[in-house]
A.B. asks: 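Please find one structure pasted underneath; my questions will follow.
Below, chains carry the letters A, B, ... as their sequence lines are ordered, and counting in each starts from 1.
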Number of protein chains: 2
Amino acid sequence: MTSRTRGDKAEAILEGARQQFMANGYAATSMDQVAVAAGVSKATVYSHFQDKASLFASLIQKMAATKLGVFFDLTQLHRQTQNPTDSLTQVACSMLDTACTDEQSSAFMRLIVAESQRFPELATTYVENVAKPVISQLTQFLDSHPQLHLSDPEATARILIGSLVYYIILEEILGGKQTLHMERDRLVATLVNGIVQSAS
Amino acid sequence: MTSRTRGDKAEAILEGARQQFMANGYAATSMDQVAVAAGVSKATVYSHFQDKASLFASLIQKMAATKLGVFFDLTQLHRQTQNPTDSLTQVACSMLDTACTDEQSSAFMRLIVAESQRFPELATTYVENVAKPVISQLTQFLDSHPQLHLSDPEATARILIGSLVYYIILEEILGGKQTLHMERDRLVATLVNGIVQSAS
DNA sequence: GTCTATAGTACGATAGAC
DNA sequence: GTCTATCGTACTATAGAC
């Protein structure tokens, strides 16, 4: 039993840290809060992680390594031979639904942006492990689609992702849903139309 | 002399607060730091502002009310009768240059995103006083341009701004310039091309 | 109005028992 | 390995002299 519980405390600490850092940010989260949320004493937290910054870095690195799949899974779409409009619409709606439903994905991005000055190397970790693969996969998808021959697929991928990310920031993170709402389908339709038309 | 300096302390405090809050965020900025940066004592800060949250709110409201002009000035472009491609390229490059050159505009957005959970009403202030007017002006610009008859100008405005904002986030805020750099003109050219093509 | 000095609290990190 | 108890510091906010 005890041999099977090795590392469970570390996992519980990381989970408690995730809850608190996501909710309050780095500076406003205390090690006492993390310890309580994890169900351990503060000394146990310090026995597994050198200090607060080290715990935060471990958490971000773990999330950056595992949260890619939540953001994006295009492998299923590569094999399909739909028309470009339907494929792109499906990709865009899938990304928006994930970000709007899963509270964690937008909270994670908010945390990375918030702490990008204090921990620039963690912002780089996010770019390398999340943003870069997403752009890369989407670029390959655009490039390999039979009916889409875009002059610059990587630039188009950035436009597509940027439009969706800004929609999430405005509607979900900054609360624009209340005063500045636009229907999801209006944005996606206009976005997809611009990409398809520019290729023909 | 002394009559002319009325309110100077309040202004100095807001300027000190701006420097510190922009650099460190809300929680990691102490009232001592603000007082030192403003060149006054901590008691003077508390004589002008009720508490830390009130000072922060005053700062954000002031910046949201005054920083719109820095972001955007489209009035000059309305009267010109260039072709759509040149007009849009000029608008996009102007916005990117402003955001890349002026450290404050991207730092302001980062701060709003970072504290959007702690101060949701300030995020709304930002949306109402900055994001909404920018989208509104750009929508009118797109709508009134003689050769552009877009099916949904407001959605197109969001796509345009979103692509540029995400570029700023990736390159400037998250340090992607080092590992994920794309030339500004590549993004703008592809973006403008998609908008113009979809209208013809 | 503005200062110095300080009260009261919460923080990060550690010592020492078990 | 994990706990309780604690050290030294830094924080928000205020009291009282001028």
Side-chain angles (χ1 to χ4, degrees), chain A residues 1-62 111 114-115 117-119 121-122, chain B residues 1-62 111 114-115 117-119 121-122:
Chain A
M1 275 298 182
T2 48
S3 67
R4 266 183 26 91
T5 56
R6 259 180 217 156
D8 277 8
K9 286 283 167 69
E11 210 62 40
I13 292 167
L14 281 171
E15 172 57 20
R18 189 193 60 75
Q19 294 171 15
Q20 298 301 310
F21 282 131
M22 288 282 197
N24 315 315
Y26 178 79
T29 296
S30 72
M31 294 297 261
D32 290 81
Q33 291 173 38
V34 171
V36 170
V40 300
S41 75
K42 192 161 59 167
T44 302
V45 176
Y46 278 97
S47 80
H48 285 82
F49 301 92
Q50 194 177 14
D51 53 21
K52 188 181 175 183
S54 173
L55 170 60
F56 186 72
S58 297
L59 174 68
I60 298 299
Q61 281 161 11
K62 180 195 172 194
L111 188 61
E115 311 299 343
Q117 289 282 307
R118 201 186 313 270
F119 300 100
E121 74 285 356
L122 295 183
Chain B
M1 274 298 184
T2 48
S3 66
R4 264 179 34 86
T5 55
R6 260 180 216 154
D8 277 9
K9 286 283 168 69
E11 209 62 41
I13 292 166
L14 282 170
E15 171 58 19
R18 190 192 60 75
Q19 294 171 14
Q20 298 302 309
F21 283 132
M22 289 280 197
N24 315 316
Y26 178 79
T29 296
S30 73
M31 295 296 259
D32 291 83
Q33 290 173 39
V34 171
V36 170
V40 300
S41 77
K42 193 163 54 168
T44 301
V45 176
Y46 277 98
S47 80
H48 285 82
F49 301 91
Q50 194 177 15
D51 54 21
K52 187 181 175 182
S54 174
L55 170 61
F56 186 71
S58 297
L59 173 69
I60 298 299
Q61 282 160 11
K62 180 194 171 195
L111 188 62
E115 310 299 344
Q117 289 283 305
R118 199 185 315 268
F119 300 100
E121 75 285 358
L122 296 182

A.B. asks: In chain order, what residues pass the side-chain contact (heavy atoms from CB on, under 4.5 Å) check against Gln61(A), with sequence neighbours excluded?
C.D. replies: Ala57(A), Leu122(A), Thr125(A)

A.B. asks: Go through the structure and list residues passing side-chain contact (heavy atoms from CB on, under 4.5 Å) with Gln19(B), not counting sequence neighbours.
C.D. replies: Glu15(B), Ala37(B)

A.B. asks: By side-chain contact (heavy atoms from CB on, under 4.5 Å), which residues pair with Ala114(B), not counting sequence neighbours?
C.D. replies: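 Per chain and number, Ala114(B) pairs via side-chain contact (heavy atoms from CB on, under 4.5 Å) with Ala114(A).
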
A.B. asks: In this structure, how many angstroms lie between the P atom of dG1(C) and the NZ atom of Lys9(B), rounded?
C.D. replies: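 After rounding, the reported distance stands at 10 Å.
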
A.B. asks: Where along residues 13-30 of chain A does a heavy atom come under 4.0 Å from DNA chain C, residue by residue in number order?
C.D. replies: Thr29(A), Ser30(A)

A.B. asks: Which pair of heavy atoms, one from Ala28(A) and one from Arg118(B), lies closest together, and at what distance?
C.D. replies: CB-NH2, 3.4 Å

A.B. asks: So, using side-chain contact (heavy atoms from CB on, under 4.5 Å) as the criterion, who are the partners of Gln117(B) when residues are at least two apart?
C.D. replies: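 If we apply the side-chain contact (heavy atoms from CB on, under 4.5 Å) test to Gln117(B), skipping adjacent residues, the hits are Arg110(A).
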
A.B. asks: Which heavy atom of Ile13(B) sits nearest a heavy atom of Val45(B), and at what distance?
C.D. replies: CD1-CA, 3.8 Å

A.B. asks: Give the residues of residues 47-62 of chain A touching DNA chain C, defined as any heavy atom closer than 4.0 Å, sorted by residue number.
C.D. replies: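 Per residue number, the list reads Asp51(A), Lys52(A).
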
A.B. asks: Return the minimal non-hydrogen interatomic distance between Thr29(A) and Gln20(A), and the atom names on each side.
C.D. replies: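 Shortest heavy-atom separation between Thr29(A) and Gln20(A) comes out as OG1-O, 3.1 Å.
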
A.B. asks: With sequence neighbours left out, which residue pairs that include part of residues 37-51 of chain A fulfil the side-chain hydrogen bond (donor to acceptor under 3.5 Å, both in side chains) condition?
C.D. replies: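 Every pair satisfying side-chain hydrogen bond (donor to acceptor under 3.5 Å, both in side chains) with a residue in residues 37-51 of chain A: Asp32(A)-Lys42(A), Ser41(A)-Thr44(A).
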
A.B. asks: Give me the residues of residues 32-45 of chain A where at least one heavy atom lies under 4.0 Å from an atom of DNA chain D, by number, or none.
C.D. replies: Val40(A), Ser41(A), Ala43(A), Thr44(A)

A.B. asks: Can you list everything that forms a ring-ring contact (aromatic ring centres under 6.0 Å, His included) with Phe56(A)? Sequence neighbours excluded, please.
C.D. replies: Phe21(A), Tyr26(A), Phe119(A)

A.B. asks: Taking only side-chain nitrogens and oxygens of Tyr46(B), does any of them come within less than 4.0 Å of OP1 or OP2 of dT14(D)?
C.D. replies: no

A.B. asks: Using the side-chain hydrogen bond (donor to acceptor under 3.5 Å, both in side chains) criterion, which residues pair with Lys52(A)? Sequence neighbours excluded.
C.D. replies: none

